[in-house]
Amino acid sequence: MKVLAINGSPRKEWNTVEILSAALEKARQQGAEAELIHLDSLKFTGCKSCFACKRIGSASFGRCALQDDLKAVLDSILSADVALFGTPIYFSDVTAGIRALFERLWFPSLNYNKERTVNYPRNVVCGLVYTMNVADPKLYESLYQQHTSIMELLVGPTERFIVTDTMQFDDYSKYLSTMFDAAQKKRRHEEIFPQQKAEAAEWFSGLMEKKRKMEED
Ligand SMILES: Cc1cc2nc3c(=O)[nH]c(=O)nc-3n(C[C@H](O)[C@H](O)[C@H](O)COP(=O)(O)O)c2cc1C
C-alpha cells in the first residue's frame with residue numbers, strides 16, 4: 001500500500017507534522033510505503049486559471065498543466081492509496097500552501113459539462129488533519145465540511161482528524177501571549193497531545209482498512 005502525507009504547516013517539527021508522522025509510522029509498521037512531503041520546501045503557485053485542464057483535446061485534459069514543484073506531488077496524490085493533508089488553521093482557514101494545493105488538485109477533475117462528470121477515478125482514500133489553537137473544534141465545522149464534500153466528490157472517501165488547543169511556542173514567556181495559560185498549554189502538550197498522536201495512528205489505520213475493503217469490493 002502506498003500512503004502519502006502532505007504537511008501544510010511551514011513548521012517541519014511541530015504539531016501538524018507530529019500528527020502526520022504518527023500516522024505514517026503506523027502505516028510503515030503495517031508494511032506500507034509511506035512518504036512525507038513538506039509543502040514549505042517546494043516552489044509552487046495556486047491555480048492560474050489557464051484552463052488547459054478543460055481545453056478539449058488538450059494533452060493535459062483532466063490534469064493540472066502547471067510545471068512547478070507541485071506537479072510531482074499531485075501525481076503522487078493521485079497514485080496513492082491513502083493521502084493525508086495536514087494543515088494548521090490560519091485565520092479560520094487552511095494555510096496558503098494547502099489552499100494552493102487544493103485548487104490545483106480539485107479544479108482539473110471538475111468538468112464544466114451538464115452531466116457534471118469528474119475526471120479522477122475517486123479511489124484515493126483521503127484524511128484531512130487540522131490543528132488549531134482554539135479549544136472548540138466546532139468553530140471551523142463548516143470549513144471541514146466544505147473540504148470533505150469536495151474531496152469526496154473529486155478524489156475519494158474522506159475523513160477528518162481534528163487537534164485543538166495546540167501548544168504554539170515552546171516557551172510562552174518569550175512571546176507576547178498573555179491571553180494563553182502557558183502552564184495549561186504545556187500540560188496539555190505533555191499529557192493529551194501524545195494521546196492524540198496515538199489516536200491519529202489508529203484513525204489512519206482505519207483509513208488503510210477502508211482502502212483495503214474498497215479493493216476487495
Ligand atoms: C498566521 C497564523 C494564524 C493562525 N490563525 C488561527 C486561527 O484562526 N484559529 C486557531 O485556532 N489557531 C490559529 N493559529 C494557530 C495554529 O493554527 C496552531 O498553533 C497550529 O497547531 C499550528 O500548527 P503547527 O504547530 O504545525 O505549525 C494561527 C497561527 C498562525 C501562525
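In each ligand, atom 1 is the first atom listed, and ligand 1 is the first ligand listed.
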For Phe91, the rest of its hydrophobic cluster, which grows through side-chain links under 4.5 angstrom:
none
How does the hydrophobic cluster around Val163 look, that is, which other residues are in it when side-chain heavy atoms under 4.5 Å mark a link?
Met1, Val3, Val17, Ile19, Leu20, Leu24, Leu36, Val82, Leu84, Val125, Val129, Phe161, Phe193, Trp203, Phe204, Leu207, Met208, Met214
Sorted by chain and residue number, the salt bridge (Lys or Arg N to Asp or Glu O under 4.0 Å) partners of Glu25 (sequence neighbours excluded) come out as Arg28
Gln195 and Glu199: side-chain donor and acceptor closer than 3.5 Å?
no
Closest non-hydrogen atoms of Val73 and Ile6, given as atom of the first, atom of the second and distance, are CG1-CD1, 3.6 Å
Proximal protein residues to ligand 1, non-hydrogen atoms under 4.0 angstrom
Ser9, Arg11, Trp14, Asn15, Thr16, Pro88, Ile89, Tyr90, Phe91, Ser92, Thr131, Met132, Asn133, Val134, Tyr140, Thr166, Gln168
What do you reckon, are the aromatic ring centroids of Tyr140 and Tyr130 less than 6.0 Å apart?
no
